[in-house]
Amino acid sequence: MKQYLAEKVEAALASLGYGGQVIPVFERPKLEAHGDLTTNAAMILAKSMGKNPRAIAREIASALKLEREDVVRVEIAGPGFINFYFADSFFTRKLSVILSEGSRFGRSNTGQARKTQVEFVSANPTGPLSVGHGRQAAIGDTIANLLEWTGHDVTREYYYNNAGRQMRKLAESTYARYQQLFNASYPFPEDGYQGEYIKEVAERLKTERGDRLTAMEREAALSVCKEAAETVLFEEIKKVLARIGVRFDVFFNEDSLYTTGKLQEVVEEFRRRGLAYEKDGAVWLKATELGLDQDRVIIKSTGEPTYRLPDIAYHREKFRRGFDLIVDIFGADHVATIPDVLAGVKALGYDTEKVKVVIHQFVTLMRDGEQVKMSKRSANFVTLDELIDEVGTDAVRFFFIMRSISSHLEFDLNLAKEQSEKNPVYYLQYAHARIASILRFAESEGVIGPDRSMLASADLSLLKETSELVLVKLLLAFPEVVSSSAESLEPHRVPTYLGEVATAFHRFYHEHRVVIPDRGLAGARLALCGAAQRVLANGLQILGISAREKM
RNA sequence: GCCCCCGUAGCUCAGUUGGAUAGAGCAGCGGUUUCCUAAACCGUUGGUCGGACGUUCGAGUCGUCUCGGGGGCACCA
């Protein structure tokens, strides 16, 4: 419809001699009284022409040649908006599309099968996933879903490092806990990982290998400990991710960049371009030459790379693997590293416009109106696993997604657990279940058959009530919500929209009985119910939340 | 000192990429069920969009400054 109007308005503009000076853009007005679509083309034109916007709007409106019966009214309003009003039948007719497309309704091909990578979580296997990782997992997976729904060819990727200092510390911590099982006074490293999970790994080692590690050389034993800890922790991480419905296509090991010489290649490339130099025994990246405020070390004087070098090399690999769109999802604590990495990749000749960095803010857990203090050292550290235990997977995913990514997220544990109307997850699921119940009832009354195929043949023009039409229009907006949400990488728009759908449905349900003696109208209303259920189900699927038949 | 995010109703947050009279949920107050799920619906109270200046037909949205909260500025990741 936008397409049709755009053509007509452009033709009108051309006939008035305004051709090419403005591209008419249409949007849905906030207020229903302002029509179904509106354009501000006249106001934009007024600026460059120095004329009265309302006068131009009137010119355009009278030059419009609309032959369709779908547009019932064109109005000039406010400072110079041109508002278009469509016939109710235009909307109700399109409702059948929802039923015929079913689980595909809302999908589009705006992504044009572009090879897309979404990198998220990327936690090193040094401990259990935190609540913050949980938010990232939910955001990443939902963005990946949205990109799939808009026709991208998506790879979900997890980047991790099982080498380096942190893992060394993990090995030493595990080794110490293992030794303590035989000798309680064995010293624990000062900056070791305190968590209980380390003790569990040690116990497991004891079960599997007895005391044999105590007799081994320290380095050899450490290597066994490292491997054991890594294996156990990664299993745990994957298990928790699976609990909230997140799976990855690729686990990319940072270490592979070392063993295949990729890091060296990048350093050589920087040298060749005159962007690397040595100072104080370290290798520096001339970041100042790339527009940043200070040069950065990429290889320490010890010979070890800093995190920047592998990150740059990794991103270079992303490009080399042929991704057209690269989405990185990071927590707010990583913001500072991004400019360096992007500048480095750009210096290597890659188009960093293809990299979209999504930075999410932190999560605070609230219990009984008080903030739950979380620190890795203390005992009240809440893991993602524990959070899922407490509130369930649907609530976890919903709560992590419902706020905009750039906002701090206040996670109210009491609310998430509450099985009542206050809980926004239940509100959506209830709407879906309620519709399922209506359809079951209609079936038991013999109004529709078990396969529900007759919904598609209902006479939708019978839908004339306000609350019916409000719902119809909202349902038809779903594909646009999906595509704009995907394009802007803002998954929170989906739950916001679904909440509106649920509200519109509940209102319709409250005002009008569905299963009524008038079989024609009953059929139309059942079709509307079916369409609403479909939109809710598809939306919930994008969010990775279950759509329930009963509650 | 510098960089990033946030500041909108008592609380938690939306706000269609600069549009028309700033919205929702919760909390408060008042209503709705002989009927397909009341985990629902309706009405109502509540605002200097942190503040100042600017950009323009038009600013919650953009720019500069400022105040407050959070995060970050290593040869840690």
Side-chain angles (χ1 to χ4, degrees), chain A residues 27-31 33-34 38 40 43-44 46-47 52-54 77-81 83 122 124 126 161 164-166 254 279-284 293-294 296-308 310-311 331-339 359-362 364 366 369 402-410 412 415 418-427 429-431 433-442 444-445 447 477 480-481 484 487-488 490 492-493 495-497 499-500 502-503 505-516 522 525-526 529 550-551:
Chain A
E27 60 182 21
R28 213 188 317 281
K30 264 185 269 198
L31 268 71
H34 293 149
T38 185
N40 61 354
M43 283 142 75
I44 291 171
K47 186 179 289 189
N52 182 327
R54 284 190 69 105
F81 292 101
N83 297 338
S122 295
N124 291 339
T126 57
N161 186 11
R165 234 186 48 181
Q166 287 182 56
E254 179 181 326
K279 193 180 87 180
D280 307 330
V283 181
W284 295 67
D293 57 350
Q294 53 181 311
R296 299 289 189 176
V297 170
I298 50 176
I299 298 180
K300 299 184 243 176
S301 51
T302 59
E304 290 177 293
T306 64
Y307 69 89
R308 291 185 194 91
D311 276 8
D333 51 341
H334 281 65
V335 254
T337 75
I338 295 157
I359 296 159
H360 70 266
Q361 299 296 314
F362 289 169
T364 40
M366 300 293 285
M402 70 179 174
R403 302 302 183 210
S404 73
I405 285 167
S406 57
S407 292
H408 277 249
L409 176 72
E410 191 163 297
D412 186 333
L415 180 61
E418 193 148 351
Q419 307 236 337
S420 79
E421 73 281 2
K422 292 177 200 164
N423 189 332
V425 191
Y426 283 87
Y427 185 74
Q429 292 182 321
Y430 177 65
R434 201 179 209 187
I435 296 169
S437 167
I438 296 165
L439 294 175
R440 280 194 300 270
F441 179 77
S444 72
E445 294 291 300
V447 182
E480 216 176 290
V481 171
S484 70
E487 197 196 347
S488 60
E490 292 181 341
H492 75 279
R493 293 189 191 191
T496 303
Y497 165 78
E500 288 169 16
T503 297
F505 171 75
H506 285 310
R507 180 161 197 163
F508 151 72
Y509 173 86
H510 193 259
E511 288 179 7
H512 305 290
R513 213 182 144 73
V514 175
V515 182
I516 48 173
R525 285 181 177 164
L526 283 165
C529 287
K550 282 183 183 173
M551 292 190 74

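Within every chain, numbering begins at 1; the chains are lettered A, B, ... in the order of the sequence lines, protein sequences first and strands thereafter.
Within the 4.5 Å cutoff, side-chain heavy atoms of A/T306 are placed close to those of A/K300. With contacts defined as side-chain heavy-atom distances shorter than 4.5 Å, the pair A/R525/A/I516 qualifies. The side-chain heavy atoms of A/T503 and A/Y427, taken from C-beta on, include a pair separated by under 4.5 Å.
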Within the sub-3.5 Å range, which N or O atoms of nucleotides 75-77 of chain B have a protein N or O partner, and how far apart are they?
unit_1 : atom_1 : unit_2 : atom_2 : d
B/rC75 : O2     : A/S301 : N      : 2.8
B/rC75 : O2     : A/S301 : OG     : 2.8
B/rC75 : N3     : A/S301 : OG     : 3.4
B/rC75 : N4     : A/D280 : O      : 3.2
B/rC76 : OP2    : A/K300 : NZ     : 2.5
B/rA77 : OP2    : A/Y307 : N      : 2.7

Set out, line by line, the N/O atom pairs under 3.5 Å between protein and nucleotides 59-67 of chain B.
none

Might you list the N or O atoms of the protein lying below 3.5 Å from N or O atoms in nucleotides 68-70 of chain B, with each pair's distance?
unit_1 : atom_1 : unit_2 : atom_2 : d
B/rG70 : O2'    : A/H408 : NE2    : 3.3

Under 3.5 Å, which protein N or O atoms sit close to an N or O of nucleotides 42-45 of chain B? Give each pair with its distance.
unit_1 : atom_1 : unit_2 : atom_2 : d
B/rC42 : OP1    : A/R507 : NH1    : 3.2

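Every side chain to side chain donor-acceptor pair (under 3.5 Å) that A/E480 has, sequence neighbours left out, goes to A/R28. For A/R403, there are no side chain to side chain donor-acceptor pair (under 3.5 Å) partners, not counting sequence neighbours. Contacts of A/E445 classified as salt bridge (Lys or Arg N to Asp or Glu O under 4.0 Å), with partners at least two apart in sequence or in another chain: none. For A/S484, the side chain to side chain contact (heavy atoms under 4.5 Å, CB included) test picks out A/R493, with sequence neighbours left out. Applying the side chain to side chain contact (heavy atoms under 4.5 Å, CB included) rule to A/K550 yields the partners A/R440; only residues at least two apart in sequence or on another chain are considered. Among residues two or more places apart in sequence or in another chain, the side chain to side chain donor-acceptor pair (under 3.5 Å) test is passed with A/N423 by none. A search for side chain to side chain donor-acceptor pair (under 3.5 Å) contacts involving A/H506 returns A/R434, not counting sequence neighbours.
Residue A/S437 has a polar side-chain atom (N or O) positioned under 4.0 Å from OP1 or OP2 of B/rU37. Side-chain nitrogen and oxygen atoms of A/H492 include at least one within less than 4.0 Å of the OP1 or OP2 phosphate oxygen of B/rG15. Between A/S404 and B/rA14 there is a side-chain N or O to OP1 or OP2 distance below 4.0 Å. Contact annotation: A/Y509 side-chain N/O to B/rA39 OP1/OP2 distance is not under 4.0 Å.
Between the OH atom of A/Y430 and the P atom of B/rG25 there is a distance of 17 Å, given to the nearest Å. At whole-Å resolution of the value, CG in A/D412 and C1' in B/rC26 are 10 Å apart. Nucleotide B/rC57 holds its C1' atom 10 Å from the CG atom of A/N52, rounded to whole Å. Note: CD (A/E480) to P (B/rU17) measures 10 Å, nearest angstrom. Distance, A/I435 CD1 to B/rU37 P: 12 Å, rounded to whole Å. If you measure from atom CG of A/D293 to atom C1' of B/rC73, you get 9 Å, rounded to the nearest angstrom.
For A/T496 and B/rA24, a side-chain-to-base donor-acceptor distance below 3.5 Å is absent, hydrogens and geometry of angles not being considered. One N or O donor and one acceptor, one from the side chain of A/N83 and one from the base of B/rA20, sit under 3.5 Å apart.
Considering CD1 of A/I298 and CG of A/D311, their distance stands at 12.5 Å, rounded to 0.5 Å. One finds the OG1 atom of A/T38 at 11.5 Å from the CG atom of A/L31 (value rounded to the nearest 0.5 Å). Interatomic distance, A/Q419 CD to A/Y430 OH, rounded to the nearest 0.5 Å: 14.0 Å. Within the model, atoms CG of A/L409 and NE2 of A/H360 stand 9.5 Å from one another, a figure rounded to the nearest 0.5 Å. For the atom pair CZ of A/F81 and CZ of A/R54, the computed distance is 11.0 Å after rounding to the nearest 0.5 Å. Rounding to the nearest 0.5 Å places NE2 of A/H492 at 5.5 Å from OG1 of A/T496.
Comparing the same atom, C1', in B/rG63 and in B/rU56 gives a spacing of 13 Å after rounding to whole Å. Taking atom C1' on both B/rA39 and B/rG15, the two are 27 Å apart, rounded to the nearest angstrom. Across B/rA52 and B/rG30, the matching C1' atoms stand 42 Å from one another, rounded to whole Å. Nucleotides B/rA24 and B/rU45 have their C1' atoms positioned 16 Å apart, rounded to a whole Å. B/rU66 and B/rG28 have their P atoms separated by 43 Å, given to the nearest Å. Comparing the same atom, P, in B/rU21 and in B/rA14 gives a spacing of 24 Å after rounding to whole Å. To the nearest whole angstrom, the two P atoms, one in B/rC57 and one in B/rA74, are 45 Å apart. For the C1' atom pair drawn from B/rG7 and B/rG50, the interatomic distance equals 6 Å after rounding to whole Å.
If you check every strand for non-hydrogen atoms under 4.0 Å, A/P79 touches a base. Within the 4.0 angstrom heavy-atom criterion, no nucleotide atom of any strand lies near A/A431. Within 4.0 Å of A/H34, counting heavy atoms only, lies at least one base atom of the nucleic acid.
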Exercise for review: Please test A/Y509 against A/I435 for side-chain contact (heavy atoms from CB on, under 4.5 Å), starting from the C-alpha separation and ending with a verdict.
Suggested key: CA-CA 9 Å; A/Y509 173 86; A/I435 296 169; over 6 Å; no
**Study point:** Check against side-chain contact (heavy atoms from CB on, under 4.5 Å), A/I359 and A/I405
**Key:** CA-CA 7 Å; A/I359 296 159; A/I405 285 167; 5.9 Å; no
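Between A/F81 and B/rG19, no base-stacking contact is recorded for ring centres under 5.5 Å apart and planes less than 30° from parallel.
Nearest-nucleotide positions on RNA chain B place A/R493 closer to the 5' end than the other of A/R493 and A/K550. Projected onto RNA chain B by closest heavy-atom contact, A/E487 and A/R403 fall at different nucleotides, the more 5' of which corresponds to A/R403.
Ranking B/rA38, B/rC13, B/rA39 by closeness to the A/M551 side chain, first place goes to B/rA39. For A/A433, whose side chain is taken as the heavy atoms from C-beta onward, the closest listed nucleotide among B/rU37, B/rG71, B/rC36 is B/rU37.
Secondary-structure annotation of RNA chain B gives the stems B:1-7 with B:67-73, B:10-13 with B:23-26, B:28-32 with B:40-44, B:50-54 with B:62-66, with a stem taken as at least 3 successive Watson-Crick or G-U pairs whose two distances both fall under 3.5 Å.
Against the 90° criterion about 0, the sugar-base torsion of B/rU45 places it in the anti range.
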